[in-house]
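What follows is a short report on a single structure.
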Number of protein chains: 2
Amino acid sequence: MSGERQITSMSGNKMAGIQCWLGDGQSDQIRIGHSFTVTSERAFEPHEHLFKINDMQSHIYQVLSGVVGVYNMLPDGRRQIVTFYYPGDLIGIEESESWRYHGEVLCRSRVRSIPITIIDRLLETEPGFGQAMLETLATELAEIREQLLSLGQKSAIEKVATFLLRISRRNLREGGNQHSLYLPMTRSEIGDYLGLTIETVSRNISKLKTSGLIHVLNKNTVQILDLPKLEELADGNS
Amino acid sequence: MSGERQITSMSGNKMAGIQCWLGDGQSDQIRIGHSFTVTSERAFEPHEHLFKINDMQSHIYQVLSGVVGVYNMLPDGRRQIVTFYYPGDLIGIEESESWRYHGEVLCRSRVRSIPITIIDRLLETEPGFGQAMLETLATELAEIREQLLSLGQKSAIEKVATFLLRISRRNLREGGNQHSLYLPMTRSEIGDYLGLTIETVSRNISKLKTSGLIHVLNKNTVQILDLPKLEELADGNS
DNA sequence: CGGGTTTTTGAATTTTATCAATGGCTGTGG
DNA sequence: CCACAGCCATTGATAAAATTCAAAAACCCG
C-alpha cells in the first residue's frame, strides 16, 4: 500500500494480482491470516448455469477448466455474450447484490465457488487485497472497452480477426502456443460475442482460410499462419 | 468496512459513493483526515483534450459542467466513443500508469483535476474509500455491459431509442426532467457512440419524430412524447 | 457406421453505409 | 436588422455489408 499503483495484471504472471490471495485454482484453500478456508469445486456440463440474472450473489466463481460465458439478453431472445472466462479467471468480483447478467458453462468445465463473505473478510484483514481487486476490475474494464471498439466500429472480418488474436495473445500470456488456437465455444457463441450471425462468422473464418491467414484444423482448432497480416487486418489496415 | 457490500451508487444520491470524499463539484476542497487540499478547476473549449491515449496519468478528472467524451480509435480514423461523462462524473478512477483512451471536451465545459496522489492518500487513510471506488468501478462496468448489448445486438432505431432513454433516466436520477432531453453532443458524436453513421442517426431520430414518440425542438433538444413506447422499442419489443 | 447436430455455402432480402445535394441554424459584419 | 458564410443536420439515391432463409456438407458421439 505504498506509492505503487500501476496496473499490470494484464501482463504475465497472474499470481501478481488478486490470485495472490485466492489462488490460481491449483489449491482449493484460501488463507486468511493464519486460518485456512476450503472452497468447493464442482464439475459442470455444457449449458449449465452458474447463475442467472437477478439471482442473489452469494459467491464469486473461478474457472478451473473449460470456459464460462457471461451474457445479457433482450426479451426477444437476442443474446450478447459479454466475456468468455477461461481457467484462472474470476467471475463476479465486482459484487453487486444480485447478478447483472447470466453465467453459463459453455463446455464441460470445473468451477470453484468462493463465498463473498470470504472476499469481505479478505478486504477487511488483508492489506493490499482491495488494491488488487481494483486492478482486476480495471483490467476487465479495459478489455470490455476494447470489445466496444470492435462491436461498434469493425467489419465482420475485422471482428473475427480480432477475436482470434485475443485468444492468441491469451495463449502467449499463459505460456501457450501463440499460433495454435483452441476454440471451445460454438460458432453461434462466437457470433453472439461479436454481434454477428453464425453464418457471418463461418463465412469470414472461411475467408481468412482462403486468403491463407489461418488454417482450420477442425471446428475447434485454428492455426494462425500469418500473424502480422492478421494483426493488420484486426486493426483495420486491410 | 463492515459487512456492507451492496453496490447502490447507480441509484439516486451521488454523495453516497465516492463523491463523499471527492465532493460533487460544489466545493473545490478535499478533506483528508483533518487537512484540506484545494483542487484546480479550469474551463475548456469544445474539442480540447483533457488527455490522450498513452499520456501518463497524473490526475483524475471531475466534470463540473458540460460533457466529456472518452474514446478509442482505429488507425484509419474510425472512432468509438466509450462513455459520455456529465457533471459530477469522475474520469480515470480505474487509474493505470497511462491513459488507455482519449478524453475530449465536447462542449464548453468546466473540469476539476484531482492529482492521483490524493487518491492514493485517501486509499491509505480513509476506511471505506477503497470500497467506494470498487462500487464506482462496478457501476461503470455494468453500464458498459449495457452498451455492449446495444452495440452488438440492437438495430439502429433501437440504439437511438436506448440512447435517448439513457439520458432520460439520468435526468430522472439527477432530479431533472425525464421528458425533456438536452443533447450537448453532435449527431456525429452520437453516431460514434452508437456505432452508426451520422446519417443513420439523423434518419432514425426523424423516424421517431414521424411516429410521434418524440418531438425535436431543435438539434440539441428533444422531448419524449411516449415514454412507454420508446422503452418498448429500446428493449426490442418493436 | 449412422443419426443428430453444427458448420459451411448459396441466393435473396434487409439493413446500414456511402455519396451527393439540400435545408436550416448561428453568429458576424455590413 | 438583415444578409451571408460556414457548419451541422436532414433527406434522397445508390452501393455495400450483413442477415435471413434454405440446403448441403462435415463433424461427433455412441
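In this text, all values refer to a predicted model and were calculated from it rather than measured experimentally. Just so you know, these numbers use all the heavy atoms, side chains as well, and skip hydrogens, waters and symmetry mates. Residue numbers start from 1 in every chain, and the chains themselves are labelled A, B, ... in the order their sequence lines are given, proteins ahead of strands.
- We find that A:E48 and A:R108 are not joined by a salt bridge, their nearest charged nitrogen and carboxylate oxygen being 4.0 Å or further apart.
- With A:E174 contributing its side chain and A:N171 its backbone, the two residues share no donor-acceptor pair below 3.5 Å.
- The interatomic distance linking A:K219 (NZ) with D:dC29 (C1') rounds to 11 Å, in whole Å.
- Residue B:S202 is in base contact, counting any heavy-atom pair closer than 4.0 Å across all strands shown.
- The pair B:D89-B:R170 meets the salt-bridge criterion, since a charged nitrogen lies less than 4.0 angstrom from a carboxylate oxygen.
- Checked for salt-bridge contact, A:R110 and A:E41 meet the test: a charged N lies under 4.0 Å from a carboxylate O.
- Aromatic ring centres of A:F51 and A:Y61: separated by under 6.0 Å.
- Mapped onto DNA chain D by nearest heavy atom, A:I157 and A:N220 fall at different nucleotides, with A:I157 at the one closer to the 5' end.
- Aromatic pair B:F84/B:Y193: centroids less than 6.0 angstrom apart.
- For DNA chain C, the span of nucleotides reached by chain B at under 4.0 Å from its heavy atoms goes, 5' to 3', from C:dT16 to C:dC19.
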Completion exercise
Pairs under 3.5 Å (Watson-Crick or G-U), crossing ones as [ ], inter-strand ones as |: DNA chain C comes out as ||||||||||||||||||||||||||||||

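- Taken residue by residue, residues 191-198 of chain A places heavy atoms nearer than 4.0 Å to DNA chain D at A:G195, A:L196, A:T197.
- For the OP1/OP2 pair of D:dA17 and a distance below 4.0 Å, the side-chain nitrogens and oxygens of A:S155 include no atom meeting the criterion.
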Without placing hydrogens or testing angles, list every side-chain donor-acceptor pair under 3.5 Å for residues 200-208 of chain B, not counting sequence neighbours.
| residue | atom | partner | partner atom | Å |
| --- | --- | --- | --- | --- |
| B:T200 | OG1 | B:T197 | OG1 | 2.9 |
| B:N204 | ND2 | B:T200 | O | 2.7 |
| B:S206 | OG | B:S202 | O | 3.1 |

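- Side chains of B:R78 and A:Q153: a donor-acceptor N/O pair is absent below 3.5 angstrom, by distance only.
- In this structure, A:E146 has no salt bridge (Lys or Arg N to Asp or Glu O under 4.0 Å) partners at least two apart in sequence or on a different chain.
- For A:I205 and D:dC27, the CD1 to P distance is 14 Å, given to the nearest whole Å.
- A straight line from CG of A:L183 to C1' of D:dC27 spans 15 Å, rounded to a whole angstrom.
- Distance, A:Q153 CD to D:dA17 P: 16 Å, rounded to whole Å.
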Polar atom pairs (N or O), protein with nucleotides 21-24 of chain D, under 3.5 Å:
| residue | atom | partner | partner atom | Å |
| --- | --- | --- | --- | --- |
| D:dC21 | N4 | A:E199 | OE2 | 3.0 |

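- A salt bridge is absent between A:R145 and A:E140; no separation between the charged side-chain nitrogens and carboxylate oxygens falls under 4.0 Å.
- Rounding to the nearest 0.5 Å gives a distance of 6.0 Å between CG of A:L50 and CD1 of A:I91.
- Between B:R169 and B:E231 a salt bridge is recorded (basic side-chain N to carboxylate O distance below 4.0 Å).
- Rounding to whole angstrom units, CD of residue A:E158 and P of D:dA17 are separated by 11 Å.
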Problem - Steps toward side-chain contact (heavy atoms from CB on, under 4.5 Å) verdict (B:H102, B:R79) - result: CA-CA 10 Å; B:H102 303 269; B:R79 174 176 70 157; over 6 Å; no

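- Counting any heavy atom pair closer than 4.0 Å across all strands shown, A:T200 reaches a base atom.
- Counted by atom type alone, B:T221 and B:N218 present one or more donor-acceptor pairs between their side chains at under 3.5 Å.
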